[in-house]
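Below is one structure; the comments refer to it alone.
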There are 2 protein chains.
Amino acid sequence: MQVPKYKEISNFIISKINSGTWAENEKLPSENDLAELLDSSRMTVRKSLEQLVADGLLYRRPSVGTFVAPKKVQSSFLEIRNIADEIKERGHQHSSLVLSKVLMKPTDKLLELLKLDTYVDVVRVVILHQEDGKPFQLEERYVNAELVPDFFNQDFTQITCNEYLSTQLPVTSAEIAIEAITPPKILKHQLGMNDGDPCLKLTRITTSGSNTVSFANLYHSGNAFKLTGKLVSV
Amino acid sequence: MQVPKYKEISNFIISKINSGTWAENEKLPSENDLAELLDSSRMTVRKSLEQLVADGLLYRRPSVGTFVAPKKVQSSFLEIRNIADEIKERGHQHSSLVLSKVLMKPTDKLLELLKLDTYVDVVRVVILHQEDGKPFQLEERYVNAELVPDFFNQDFTQITCNEYLSTQLPVTSAEIAIEAITPPKILKHQLGMNDGDPCLKLTRITTSGSNTVSFANLYHSGNAFKLTGKLVSV
DNA sequence: TAGTGGTCTAGACCACGAA
DNA sequence: TCGTGGTCTAGACCACTAC
């Protein structure tokens with residue numbers, strides 16, 4: 001089986017939502033109706049619906065029906081996720097603009113953050129990630145060029161930084177800081193934000209073994225973005 | 001049906017893990033075996049297993065088996081920390097003001113968030129945490145009064161909500177959401193923020209077993225607050 | 001009362017990994 | 001080859017909501 005039927009059903013529902021055929025808070029056909037409509041069994045339809053509920057695209061009210069959830073973009077901070085995958089999972093289109101890519105000598109601050117003891121080169125990239133053509137995240141990243149020599153030559157409209165880095169070196173740990181900031185003018189413009197909109201800033205330092213591979217600042221418009229995570233004690 | 005069979009199965013498996021009967025990376029009985037053992041159908045067992053995999057307690061390898069997941073190192077911002085300890089660790093003085101404490105009937109939204117199926121009472125507290133006398137965090141918390149009957153009578157200038165709750169019930173999981181918001185006027189005043197200052201909002205839902213104990217909104221002045229954490233891959 | 005989602009069952013076939 | 005998880009089916013009963 002190439003693609004499971006329940007995923008086809010999910011895609012069908014996602015496309016209905018994205019195209020606006022099924023609007024926010026609109027009631028979906030019942031499970032039985034969907035099963036008949038899609039020539040499937042109720043249990044298979046349920047599997048798809050349960051997944052979409054877990055993803056936050058739908059919500060259900062017992063004895064009443066299944067509804068299209070109002071939009072709220074979410075992202076998991078627990079995983080080092082590929083932003084492109086994340087956006088695709090939401091059924092949207094991901095695209096990137098490489099605003100800048102330079103090879104540079106590290107500043108003192110970078111020396112400290114990347115835990116460099118010698119003056120190796122550093123690659124700095126600035127990438128604007130877009131979801132369906134709308135600015136979603138601004139990524140400012142510094143990478144130790146010695147550890148990842150071919151980083152500079154990558155086409156980051158085709159592969160995300162994280163994706164490429166993870167093919168080169170295994171990420172063993174990451175330090176993350178999250179804060180709310182008042183965006184500088186440039187950022188406001190790049191992310192298409194309005195005056196007074198808050199901004200969520202994520203700083204991430206990834207290490208592989210004892211080496212610090214990369215330092216990244218990720219900026220999101222606070223109005224349209226929420227980070228979520230789940231802790232399970234074991 | 002009071003408690004669904006698949007939840008009983010989950011609890012059975014969780015107890016086996018917690019007691020150490022099934023150690024890390026140990027293989028569980030197959031789905032068919034579990035079904036027979038627990039006098040259930042394979043589909044019901046699967047529902048339970050899928051949930052535990054999603055919770056990170058188990059992992060599966062197709063054609064091989066289901067295994068107990070190794071314990072994950074949690075990042076510090078994910079820990080359910082005691083804000084008083086946190087402030088003391090920084091060498092500062094913690095104090096609290098209880099702005100409000102009421103026993104109330106839950107709204108529909110609370111019913112959903114606390115996963116209440118009946119109209120039990122809910123305690124709502126609003127507490128301003130101060131660091132060296134300066135506003136630091138505003139905590140708005142709702143607690144299921146049935147699960148924690150004596151919650152209302154606590155003196156939250158002497159013990160934090162989390163501290164007290166953890167003495168009453170073990171926290172088994174928590175869901176966290178983080179967003180940057182523009183603070184409403186009241187909040188701005190309470191946290192001593194200036195115009196245009198961004199605000200970091202943390203929403204935390206804590207559960208104990210299958211019960212949702214508490215729902216809390218935690219607000220911080222973005223200017224003076226940063227969440228940090230470390231992720232360690234396992 | 002009719003329709004909904006929530007749960008459960010007892011089968012089935014498949015691809016894949018291990019022996 | 002055999003056991004595993006992954007998928008799928010066609011039923012069933014229930015509690016609850018809306019009418």
Side-chain angles (χ1 to χ4, degrees), chain A residues 1-13 16-17 22 25-69, chain B residues 1-13 16-17 22 25-69 106-109 111-112 114-120 207 209-212:
Chain A
M1 186 179 313
Q2 280 176 335
V3 54
K5 196 180 271 194
Y6 72 87
K7 281 194 183 169
E8 277 180 8
I9 297 175
S10 292
N11 290 334
F12 170 80
I13 294 171
K16 288 285 185 188
I17 294 174
W22 292 344
N25 294 311
E26 188 172 330
K27 188 166 175 295
L28 266 63
S30 75
E31 296 178 347
N32 283 316
D33 290 351
L34 279 173
E36 194 176 352
L37 177 67
L38 298 167
D39 190 32
S40 169
S41 78
R42 188 179 158 218
M43 287 302 274
T44 305
V45 169
R46 270 186 73 75
K47 176 151 186 169
S48 166
L49 292 178
E50 275 164 7
Q51 179 202 285
L52 294 173
V53 167
D55 287 350
L57 267 73
L58 303 176
Y59 64 95
R60 328 190 74 179
R61 292 179 47 203
S63 316
V64 184
T66 304
F67 304 84
V68 177
Chain B
M1 185 179 313
Q2 278 177 335
V3 55
K5 196 179 272 195
Y6 72 88
K7 281 193 183 170
E8 278 180 8
I9 296 175
S10 292
N11 290 334
F12 170 80
I13 295 171
K16 287 285 186 188
I17 294 175
W22 292 343
N25 294 312
E26 189 172 329
K27 189 166 175 293
L28 266 63
S30 75
E31 296 178 349
N32 284 316
D33 290 350
L34 280 174
E36 194 177 352
L37 177 65
L38 298 167
D39 191 31
S40 169
S41 77
R42 189 181 157 216
M43 287 302 275
T44 305
V45 169
R46 271 186 73 75
K47 176 152 186 169
S48 165
L49 293 178
E50 275 164 7
Q51 178 203 285
L52 293 173
V53 167
D55 287 351
L57 266 74
L58 303 176
Y59 64 95
R60 329 190 73 178
R61 292 180 47 204
S63 316
V64 183
T66 304
F67 304 84
V68 177
T107 60
D108 285 351
K109 178 141 202 202
L111 276 181
E112 187 194 327
L114 291 175
K115 295 191 183 77
L116 302 173
D117 39 357
T118 56
Y119 275 80
V120 304
T207 59
S210 56
N211 297 311
T212 300

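By convention in this document, chain letters (A, B, ...) are assigned in the order of the sequence lines, proteins followed by strands, and residues within each chain are numbered from 1. Please read all numbers here as calculations on a predicted model, not as lab measurements.
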Strictly below 4.0 Å: does B:Ser40 bring a side-chain N or O up to OP1 or OP2 of C:dC8? no
What is the distance, to the nearest angstrom, from the CG atom on A:Leu34 to the C1' atom on D:dT9? 17 Å
Check this for me: B:Lys27, atom NZ, are more than 12 non-hydrogen atoms of other residues, nucleotides or ligands nearer than 6.0 Å? yes
Among the nucleotides C:dT7, D:dA15, D:dG5, which one has an atom lying closest to any side-chain atom of A:Arg42? C:dT7
Do B:Glu50 and A:Glu50 have side-chain heavy atoms sitting under 4.5 Å apart? no
Could you please name the option among C:dA10, C:dG17, C:dC8 that lies closest to any side-chain atom of A:Met43? C:dC8
Rounded interatomic separation in angstrom, taking OH from B:Tyr59 and C1' from D:dG6: 18 Å
May I have the distance from A:Asp33 (atom CG) to C:dA2 (atom C1'), rounded to whole angstrom? 13 Å
Is the phosphate of D:dT4 approached by B:Ser30 (side-chain N or O, under 4.0 Å from OP1 or OP2)? yes
Measuring to OP1 and OP2 of C:dT9, would you say a side-chain N or O of B:Ser41 lies under 4.0 angstrom away? yes
Verify, without hydrogens or angle tests, whether B:Lys5 (side chain) and B:Leu38 (backbone) share a donor-acceptor contact under 3.5 angstrom. no
Short side-chain N/O contact from B:Thr66 to OP1 or OP2 of D:dG5, under 4.0 Å: yes
In terms of heavy-atom contacts, does CG of A:Asn25 have more than 12 from other residues, nucleotides or ligands at under 6.0 Å? yes
Atom-pair distance (CG on A:Asn32; C1' on D:dA10), nearest Å: 11 Å
Per atom distances to the B:Arg46 side chain, the nearest of D:dT4, D:dG6, D:dT9 is D:dG6
Hey, which of these two, A:Val64 or A:Lys7, hits DNA chain D nearer its 5' end, going by closest nucleotide? A:Lys7
Testing the basics here: between B:Phe67 and B:Leu28, what is the closest heavy-atom pair and its distance to 0.1 Å? C-CD1, 4.2 Å
Take the protein atom NZ of B:Lys27 and the nucleotide atom P of C:dG17, then report the distance between them rounded to whole Å. 15 Å
Give the rounded distance in Å between these two atoms: CD of A:Glu31 and C1' of D:dC16. 14 Å
So what does A:Arg61 hit on the nucleic acid, given a heavy-atom distance under 4.0 Å: a base, only sugar-phosphate, or nothing? sugar-phosphate
Tell me which of B:Pro62 and A:Arg60 sits closer to the 5' end of DNA chain C, going by the nucleotide each one is nearest to. A:Arg60
Could you please name the option among D:dT7, C:dG3, C:dT7 that lies closest to any side-chain atom of A:Tyr6? D:dT7
For atom NZ of A:Lys47 and atom C1' of C:dG6, their distance in whole Å: 17 Å
Rounding to an integer number of Å, can you tell me how far A:Glu50 CD sits from D:dG6 P? 15 Å
Ion pair A:Lys16/A:Glu26, N-O distance below 4.0 Å: no
Would you please confirm or rule out a distance under 4.0 Å between OP1 or OP2 of C:dA15 and any side-chain N or O of B:Ser63? no
Less than 4.0 angstrom between a side-chain N/O of A:Lys5 and OP1 or OP2 of D:dT9, yes or no? yes
